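Take a look at the structure set out below.
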Amino acid sequence: MPTRLLDGIDSPADLKALSLDELERLAQEVRDVIISVIVERGGHLASNLGVVELTMALHRVFDSPTDSLVWDTTNQMYTHKIITGRRDEFDSIRLEGGLSGFGEPQESPHDTLSAGHAGTGLSIALGLAAGAANRQQDSWTVAIVGDGAMTSGSSFEAINNIAHLNPERFLVVLNDNGMSISENIGFLTNWRKRVITHPEFTAMLDRMRSLSQKTPTGELLYRIVKRFNTGLAGLIIPTMFWKEMGFEYLGPVDGHDLKQLELTLRQARNPTGSVPLVHVVTHKGHGYEPAESNPVQFHQPSSPLGSGSGAPTYSSVVAQTLTRIMREDSSVVGISAAMLEGTGLAEVQEEFPTRIFDVGIAEQHAVSMAAGMAAGGLSPFVSIYSTFLQRAFDQIAHDICLQNLPVTLIADRAGIVGEDGKTHHGAFDISYLRCLPNTVIAAPMDENELQHLVYTAYRHDAPFAIRIPRGAGTGAPLDSEPRELPIGRGYVLEQGTDVVLVAVGKPVQAAVEAARMLADEGISCGIVNPLFIKPLDIELLLGQARLTRRVVTIEENVLAGGFGSAVLEAFADAGLSDVSVHRVGMPDAFIEHGTAADQRHRLQLDAAGIAEQIRGVLLAAATESPA
C-alpha cells in the first residue's frame, strides 16, 4: 500500500519540496481526509473542498506564521489546519476538547484570530498589516475573502480604507465560489456569472494549461493572463471596479490549478504601487460530486439538529406559520441574511418568490431595510441566527425600536448550538434585546406555542422578537389554527410547595424532567412557563414566589442581563425581599465547541444539572433555617 504524502506534511515548509505531481496527489489526500471525517461527523464541507489547492498554494508562496494568513470566514480553514501540524487531530474537529471548526490561535500560531462571522477578515488583516508596519516587520499580510464575505457591508468599508491607506506587503485573495451558505446575491455575483460564462474565459483556461506545460518560466503565462484581463475588462465593465478602487487586479485564476495559482500569487508579490487583488474562481464542493451538485445542502451536512424525534424543526414551524399568514395578507414579507435554508425561509420563497428577500451577509442592512418596509406599510419578519443578529444591535435600537415599528425578529439558533462553538452560541440575545424600549420578547417551550407566537407577532403593531432554539421541536401536536396570545401572560404548568422553577423557552422541558426526578425524592417543584421575557407576567411570578419563597430561573442565555436578572429586578421593584432567587444559565464565558448535550451537561442546563442545583438551593435553605 503506497505511503501517503500527507503523513510527511508536519508544517507548511514541507510543501515547498514537493513537485507539481506530488502536490496534486497531496490535494486529493487532503480532500479524502476532509470528506471522510466531515461526512460522518458534520461540519463545513463544501466550502473547504473548494479551497484545498488555494490553501496549498498560499502556504508555498508565503511563510506562515511570519506572514499572516487571514481567512474570511474561518470555516474554510480545514486544509490549513491539516497542513499546519494538526493532521493527526483532525478527526477530533468540533468535538469537546478537539479542534475548533474555525480559526483558533490557542491551537496553532498559524491561526490569526478566532472568527466565525463573515465580513471581518479585511478589517482584521488591515489592522495586522498596520501593526507589522509599525514594528517594521518584513512580513506579508494576506486576506483570503470568500464564501459570501463580499456580500457583507463591513467588507466594503474595509476595502475603501485599504485603497486609501494602500499598505505595502498586503494582498487580497478573492476566493470566488459564488456562494455563501445560500447562493450569493448582488453586484459581485452578477459580475462573476458574466466572467465565468463568457466564452473567452473557458478558452483562456485551456490555452493557459497548454502553454504553461511548454513554458520554462511563468512570464509568458502571466502576460497571457494580463492580455486576457485587459481585453475582458473592455467587455465586462465590472472588472474595472477593482482598478477604479485602487487595487492591482490579477485574474480570474482557476482556483483548482496549482501551477496557475502559484504563479499568480508569486506575481502578486511584485511591487506595483497598488495593493494586489487576486481573483480566484473556485468550485464549492470540488472533488466530491454530491457537494458539487448541491453546495447549499453540503455547506454543513450531517450536523446534529436536535432529538432526532422526527418532529419539525423550530425554523420550519416559523416558515409554515408565516406561509399561512402570507396567503391571507399580501403585506407580510420575510427577510434573511444569506440564511434562507437554515431559517426555513427557502420553503416560503418557493410559494412567494417576490416577498422573501435574501440580502446576503448584511445583517445591519436587513434590519434597516425591514424598518423601511414597516414604515412603508408592510409587515416584515426578519429571521437571522442569534449570533449574527447581534451584529445589527444599533439598527434594532435606532431604526426599529426608536421608531416603534412593527418588525418581527426571529432570533434563530438561540441558546446552545453545539459543535460550532463559541462564535455561534446564541448566548446574548435576551440581554441585548431586553434593554430596548418598545420591545416584546418571547420564547416558546414547544412548536405549538411557537406558531401562536408568530401569529401574535403579526397582529402586534410594534417591535416583537421571538427566540427559538436550534433543531427539532418536542413533538407537541400543532393546533389546527394559530391564534393570538395575550402579551405578557404566562401560566403555571405544575404547582409545587418547595420551590418554583421559572424556565423560559427550550429549558422548560428540562425543568419538567428535573421536577419529576426530584418528585421521586419527595421534593415538590412548581413549574412556570412565563412565555414572555418582556413584558413579564409580574402578578403570576409574584404569586408563585410567595407560595414557596424559593425561585429558580432557568434560561439558555448568559446570566448577565438575562431572564433571571429580569425576575430579580421585578421582585426588587415589588419590594419582595424575602424570596430566594437562584439563576441557572450560561456563565460569563465563551462556551467551547462540543455536542449540545455535552455542553448542557457541563453547564448544568440539562435535567440532571438543574435537579442538582435545586438540591443545593434547598440544602442551603435548610442550613440557614433556625434549628
Side-chain angles (χ1 to χ4, degrees), residues 117-119 148 151-154 180-182 185-186 315 318-319 321-326 328-349 351-414 426 429 432-442 450 453-468 487 534:
H117 292 183
T151 68
S152 174
S154 55
S180 47
I181 294 177
S182 302
I185 53 91
S315 301
V318 170
T321 310
L322 190 57
T323 299
R324 295 179 67 164
I325 295 171
M326 291 174 73
E328 302 295 327
D329 187 343
S330 62
S331 72
V332 179
V333 296
I335 306 173
S336 190
M339 292 283 181
L340 289 184
E341 283 75 21
T343 61
L345 291 184
E347 304 171 30
V348 189
Q349 190 181 51
E351 185 168 344
F352 300 102
T354 64
R355 290 164 60 190
I356 297 296
F357 299 85
D358 184 353
V359 302
I361 301 176
E363 294 85 1
Q364 299 95 323
H365 165 60
V367 171
S368 292
M369 178 180 173
M373 288 175 159
L378 299 182
S379 298
F381 282 71
V382 182
S383 191
I384 296 176
Y385 292 5
S386 170
T387 184
F388 302 131
L389 184 61
Q390 66 199 28
R391 307 178 81 180
F393 175 77
D394 178 68
Q395 287 72 24
I396 297 171
H398 186 273
D399 298 338
I400 292 179
C401 295
L402 179 65
Q403 322 299 331
N404 200 24
L405 290 169
V407 174
T408 299
L409 302 173
I410 306 294
D412 204 329
R413 307 303 201 264
D429 54 86
Y432 69 70
L433 292 172
R434 192 172 69 83
C435 65
L436 297 175
N438 297 328
T439 309
V440 171
I441 310 169
L450 175 56
L453 283 174
V454 170
Y455 185 76
T456 303
Y458 158 66
R459 298 284 297 171
H460 186 63
D461 192 30
F464 202 113
I466 305 172
R467 72 186 316 252
I468 60 174
I487 290 176
K534 182 180 181 180

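The shown structure was predicted, so the numbers you read here are calculated from the model rather than taken from an experiment.
- Distance alone, capped at 3.5 Å, places no donor-acceptor pair between the R391 side chain and the H117 backbone.
- By the 4.5 Å heavy-atom criterion applied to side chains, I410 and T343 are not counted as neighbours.
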**OP:** Apply side-chain hydrogen bond (donor to acceptor under 3.5 Å, both in side chains) to the pair S315 and D412, showing each step before the final yes or no.
**Re:** CA-CA 7 Å; S315 301; D412 204 329; 2.7 Å; yes
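- Under the salt bridge (Lys or Arg N to Asp or Glu O under 4.0 Å) criterion, R434 pairs with E569, sequence neighbours left out.
- Counting only distance, with no hydrogens or angles, the side chain of T323 and the backbone of T321 share no donor-acceptor pair below 3.5 Å.
- The side-chain heavy atoms of V407 and P463, taken from C-beta on, include no pair separated by under 4.5 Å.
- Looking only at distances, no side-chain donor or acceptor of D461 sits under 3.5 Å from a matching main-chain atom of P406.
- Residues L450 and V318 are in side-chain contact: their nearest non-hydrogen atoms beyond the backbone lie under 4.5 Å apart.
- Here the closest non-hydrogen pair linking S152 and A118 is OG-O, 4.0 Å.
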**OP:** Walk me through it: do I335 and M373 pass the test side chain to side chain contact (heavy atoms under 4.5 Å, CB included)?
**Re:** CA-CA 11 Å; I335 306 173; M373 288 175 159; 3.6 Å; yes
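- Using a distance-only test at 3.5 Å, with no hydrogens or angles considered, a donor-acceptor pair links the side chain of R355 to the main chain of V332.
- In this pair, Y458 and Y455 present their aromatic rings tilted. The plane angle is within the 30 to 60° band.
- In terms of heavy-atom proximity, P380 sits nearest to A370 at CG-O, 3.4 Å.
- Environment of CZ in R324: crowded, with over 12 heavy atoms of neighbouring residues, nucleotides or ligands closer than 6.0 Å.
- Annotation: side chain of T456 is in contact with side chain of F464 (closest heavy-atom distance under 4.5 Å).
- Without hydrogens or angle criteria, S386 side chain to A411 main chain gives no donor-acceptor distance under 3.5 Å.
- Taken from CD1 in I361 to CZ in F388, the straight-line distance is 7.5 Å, to the nearest 0.5 Å.
- Taking each heavy atom of S383 and L345 in turn, the nearest pair found is CB-CD1, 4.0 Å.
- To the nearest 0.5 Å, atom CD1 of residue I441 and atom CG of residue L453 are 12.5 Å apart.
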Below 3.5 Å, can you tabulate the donor-acceptor pairs from side chains in residues 393-405 to any protein atom, sequence neighbours excluded?
unit_1 : atom_1 : unit_2 : atom_2 : d
D399   : OD2    : S368   : OG     : 2.5
Q403   : NE2    : H398   : O      : 2.9

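- Taking NZ of K534 as the reference point, atom OG1 of T439 lies at 5.0 Å (rounded to 0.5 Å).
- To the nearest 0.5 angstrom, L389 atom CG is 13.5 Å from R413 atom CZ.
- Put simply, the side chain of S379 never gets that close to the backbone of S331: no donor and acceptor are under 3.5 Å apart.
- Atom CE in M369 sits 9.5 Å away from atom CG in L378 (nearest 0.5 Å).
- Here Q390 contributes atom CD and Y432 contributes atom OH; the two are 5.5 Å apart, rounded to the nearest 0.5 Å.
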